[in-house]
Each structure stands twice: as structure tokens, then as C-alpha cells.
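This structure is a prediction, so every number in the text was calculated from the model and none was measured.
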Amino acid sequence: MDLVGACRAFVSVSEYGGFTVGAAAARMSQSVASRRVAALEERFGEPLFERTSRRAVLTPFGRDMLPAARQLVQAADVLLHEAEAAKRKPWRLAVPGICSTAGLARLVAEARGHGVTLDLRIAAPAQRLEFVHSQQVRAALLAVPADEATWSVPLGLAGAQDPGVKRVYLETLRLGRASPGPARRIWIQPEDDVPHVRDPLTRLRDAVGLRPAQLVAGADLTSAAAEVLCTRDLLLCSPAQAEELALSWRPIGETTLSRGYALAVAADGNPQHIEARLGDAVARCLGAGTLAGTARGAAA
């Protein structure tokens, strides 16, 4: 038996003195109200109303039960109101700065379609982790190694000029004695200045004989991209970023690198319901799985 629904019918009929008007006020049909009150009377083992052709008058037992029934209905209404308010409460999510404005807007819009209001906080990898630990956000997309990732974004090297090759090998950046001009550098943006991306690239730099200064961590993406646009330097980035910056992107010849992301929820929460609702939208926002069709000029 729907105890709350039965008590709602009981309270409304008692307030209006009849099943027809009381049922309408409770937004149910007269037959439903009658069945619910009858079920409540059967449960209690006592009649709640003395029924006449026109009115429903409370019995002494009904008068005794009415205050408690009214409290139950009011408590249920409060609970429903709080549930709706909780669903409308913004879900604060820390996201990486590599997401485009259009991508973030689509993520927010799709979340609304799933009944989730997102409040986005753009932050660097270390700051996103701190936000989760300090519970300044409800969840964050953390930078993790590829084998721990829910979403992976391929990384390669992009430059202002078409390199004319399918892959860029770091060893081709080695500066020989007769090489003209300054050594070409590889710029790492803050999102990729994390151990599982930076350290393998550093080891590869040393293995192929590049100079230490040829691998540079940029203060921000804008300044790193500006250096690449006005020199022969290269930017470590995703295909989507290369397309946005009008750069020619190629995979790295000697190794495979990727950004890995996993959703971490504050206070030991469970990220699965958000992943289930918004996993595809997050993937599109991050550029995960978008290698085909977005690398400018890259060969299959």
C-alpha cells in the first residue's frame, strides 16, 4: 500500500468534507481516493469516515488519526522538495584547460539534458587534484597514466609548417655541427607537464641525443603556441588542439604518448553514475578518440 498516497487522500477528503472535492484537491480521481482511504481503513482495522450521500464525516478514530496523517503528508512534501532542490544543485567539476569553449559548452548542455547542472572549474593538473582532496569541487578530471585512464587523448608534435612526413622522429631534431640556426625545441604545455608524459619524453630526448634545452615546459599554452607559430619549434599537443591552432600534427615516431583522464569524486563518492550519464560527452570535450579526421594532414 502507498501509505503516503493513502494519507494524502485521507487528509484531503477530511479537509473538504467529501470524496469528490477532496480527491480533486489532491489531484487524483474520486475512485482512486476512495480505494486509498478504504485500504487505509483496512490496514488500521477501523473506519475513518462516516459516509453519507453528500459528505464524509470523520469518525472519532479518524479525528485521532488525522494529525499524524497530516504530519506524514507534510514530511513527504518536504522530502520531495529537498530532492528536487538537490537535483538542481550545481555539480562542481574541475576540468583541464585544454578543453575548448565550444566543447565545455556542449558538455554543460548535454549534462542538463541528463538532469545534471554542471559548475565547471578550469584548473591545472595539480590544482584539480588539490580541489578534490580539499572538497572544493564534487569531482575532477584527473591526469593519470594511460593504464589507469577512463579517457585517453593521443599526443603528438605540431608545427607551423607541414613536415612532409607521416611521423616526427625526435632524432631528426638533433643539432649537428653543420646544422644552421638554433636548435628546434619541443614545447610542453602545463596540462602535459606531468610525470607520466614528461618523464618518458625526457628519457627519449636523452636517448636520441637532444640537448636538455630542446625540451621546454611552457608557462601556458598561449605562450608555447606563440613560440611554435613564429619559429620552427614544435608543440606537444592533441590533434584537436593542433587543428584549433592551425598547426600540422604528426605522431611521434619513437614512442606513443597520450593524456589519460579519470574522474575522481570528493569524499569517497561514486563517479560511476556521472560516467554513465556523461561519459561520451566528457570524451568529446577532452578530444578522446578523435585522432581520425582531426590531425591536420596526418596520414592514416
*Asks:* Within the distance-only criterion (no hydrogens, no angle test), does the side chain of R128 pair as donor or acceptor with the backbone N or O of L141 below 3.5 angstrom?
*Replies:* yes
*Asks:* Taking the side chain from E254 and the backbone from E171, do they hold a donor-acceptor pair closer than 3.5 Å?
*Replies:*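 The answer is yes, because a donor-acceptor pair under 3.5 Å joins these two groups.
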*Asks:* Is Y169 reachable from V208 through a run of I, L, V, M, F, W or Y residues, each pair having side-chain heavy atoms under 4.5 Å apart?
*Replies:* no
*Asks:* Return the CZ to OG1 distance between R184 and T172, rounded to the nearest 0.5 Å.
*Replies:*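 Between atom CZ of R184 and atom OG1 of T172 there are 7.0 Å.
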*Asks:* For Q30, does its backbone N or O pair with a side-chain atom of S34 as donor and acceptor, under 3.5 Å?
*Replies:*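 Yes: the side chain of S34 pairs with the backbone of Q30.
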*Asks:* Take F49 and L58 through the test side-chain contact (heavy atoms from CB on, under 4.5 Å) and record every step on the way to the result.
*Replies:* CA-CA 4 Å; F49 294 103; L58 285 170; 3.5 Å; yes
*Asks:* With a 4.5 Å heavy-atom cut-off, do D233 and I186 have their side chains touching?
*Replies:*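 Not touching, per the 4.5 Å side-chain cut-off.
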*Asks:* Provide the full list of side-chain hydrogen bond (donor to acceptor under 3.5 Å, both in side chains) pairs with a residue in residues 256-265, sequence neighbours left out, each pair given once.
*Replies:* E191-Y261, D192-R259, Q241-R259
*Asks:* Is it true that atom CZ of R51 has more than 12 heavy atoms of other residues, nucleotides or ligands lying nearer than 6.0 Å?
*Replies:* yes
*Asks:* If hydrophobic clusters are built by linking Ile, Leu, Val, Met, Phe, Trp and Tyr wherever their side-chain heavy atoms come under 4.5 Å apart, do F44 and L66 end up in the same one?
*Replies:*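 In one cluster with F44: L66, yes.
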*Asks:* Roughly how far apart are E130 CD and Q135 CD, rounded to 0.5 Å?
*Replies:*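 Between E130 CD and Q135 CD, I get 11.0 Å after rounding to 0.5 Å.
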*Asks:* In this structure, would V197 and L210 fall into the same cluster of hydrophobic residues linked by side-chain contacts under 4.5 Å?
*Replies:* yes
*Asks:* Are R35 and D2 close enough for a salt bridge, meaning some N to O gap below 4.0 Å?
*Replies:* no
*Asks:* Going by ring pair (Phe, Tyr, Trp, His ring centres under 6.0 Å), name the pairs with one or both residues in residues 96-133, residues two or more places apart or in two chains.
*Replies:* none
*Asks:* Are L263 and V137 connected in the hydrophobic side-chain network, where two residues link if heavy atoms are under 4.5 Å apart?
*Replies:*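 No, no single cluster joins them.
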*Asks:* Given side chains that start at C-beta, do those of L142 and E148 come closer than 4.5 Å, heavy atoms only?
*Replies:*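 No; the side chains remain at least 4.5 Å from each other.
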*Asks:* What's the separation between atom CD in E110 and atom CZ in R284, rounded to the nearest 0.5 Å?
*Replies:* 4.5 Å
*Asks:* State, with a plain yes or no, whether a side-chain heavy atom of D162 is found less than 4.5 Å away from one of R250.
*Replies:* yes
*Asks:* Looking at side-chain heavy atoms only, is the closest gap between V282 and L107 below 4.5 Å?
*Replies:* yes
*Asks:* Does the pair V78 and Q74 meet the rule for a side-chain contact (heavy atoms from CB on, under 4.5 Å), with working shown?
*Replies:* CA-CA 6 Å; V78 170; Q74 291 173 346; 5.6 Å; no
*Asks:* Check whether any side-chain heavy atom of P251 sits under 4.5 Å from a side-chain heavy atom of W249, and report yes or no.
*Replies:*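 The answer is yes; the side chains approach within 4.5 Å.
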*Asks:* Got L229 and L245 here, is their nearest side-chain heavy-atom distance under 4.5 Å?
*Replies:*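 Side-chain contact under 4.5 Å: no.
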*Asks:* Find the distance between CG (L157) and CG (L201) and round it off to the nearest 0.5 Å.
*Replies:* 7.5 Å
*Asks:* Check V73 against V4 and note the closest heavy-atom contact, atom names and distance.
*Replies:* CG2-O, 4.3 Å
*Asks:* Does CD in E42 sit with more than 12 non-hydrogen atoms of other residues, nucleotides or ligands closer than 6.0 Å?
*Replies:*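 It does not: E42 CD has 12 such atoms or fewer within range.
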*Asks:* So, does Q214 use its side chain to make a donor-acceptor pair with the main chain of R211 at under 3.5 Å?
*Replies:*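 Flag set: sc Q214 to bb R211 pair under 3.5 Å.
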*Asks:* Measure the shortest side-chain to side-chain distance between M65 and C7 over non-hydrogen atoms and say whether it is less than 4.5 angstrom.
*Replies:* no
*Asks:* What pair of heavy atoms forms the shortest contact from G287 to P154, and how long is it?
*Replies:*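 Heavy atoms only, the tightest pair is O-CD, 4.5 Å.
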*Asks:* Side chain of H196, backbone of A146: donor and acceptor closer than 3.5 Å?
*Replies:*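 No, because the side chain of H196 does not come within donor-acceptor range (under 3.5 Å) of the backbone of A146.
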*Asks:* Ignoring hydrogens and geometry, is there a side-chain-to-backbone donor-acceptor pair from R36 to F10 under 3.5 Å?
*Replies:* no
*Asks:* Sort and list the pairs that fulfil side-chain hydrogen bond (donor to acceptor under 3.5 Å, both in side chains) and have at least one residue in residues 58-71, not counting sequence neighbours.
*Replies:* none
*Asks:* Contact between P90 and L118 at the side-chain level, heavy atoms closer than 4.5 Å - yes or no?
*Replies:*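 Not touching, per the 4.5 Å side-chain cut-off.
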*Asks:* What do you reckon, is CZ of R106 surrounded by more than 12 foreign heavy atoms closer than 6.0 Å?
*Replies:*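 No.
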*Asks:* Would you compute the distance between atom CD1 of I122 and atom OG1 of T101 and round it to the nearest 0.5 angstrom?
*Replies:*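 So the gap between those two atoms works out to 7.0 Å.
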*Asks:* I need the minimum non-hydrogen distance between P96 and L286, along with the two atoms involved.
*Replies:* CG-CD2, 3.7 Å
*Asks:* Evaluate whether atom CZ of F61 has more than 12 neighbouring non-hydrogen atoms of other residues, nucleotides or ligands under 6.0 angstrom away.
*Replies:* yes
*Asks:* What about W151 and V132, same hydrophobic cluster or not, with Ile/Leu/Val/Met/Phe/Trp/Tyr joined at side-chain heavy-atom distances under 4.5 Å?
*Replies:* no
*Asks:* Which of these, L170, V228, L173, I252, sits in a side chain to side chain contact (heavy atoms under 4.5 Å, CB included) with L234?
*Replies:* L173
*Asks:* Would you check, one step at a time, whether the test side-chain contact (heavy atoms from CB on, under 4.5 Å) holds for L72 with V11?
*Replies:* CA-CA 10 Å; L72 178 60; V11 170; over 6 Å; no
*Asks:* With rounding to the nearest 0.5 angstrom, report the CG to OG distance, L129 to S134.
*Replies:* 9.5 Å
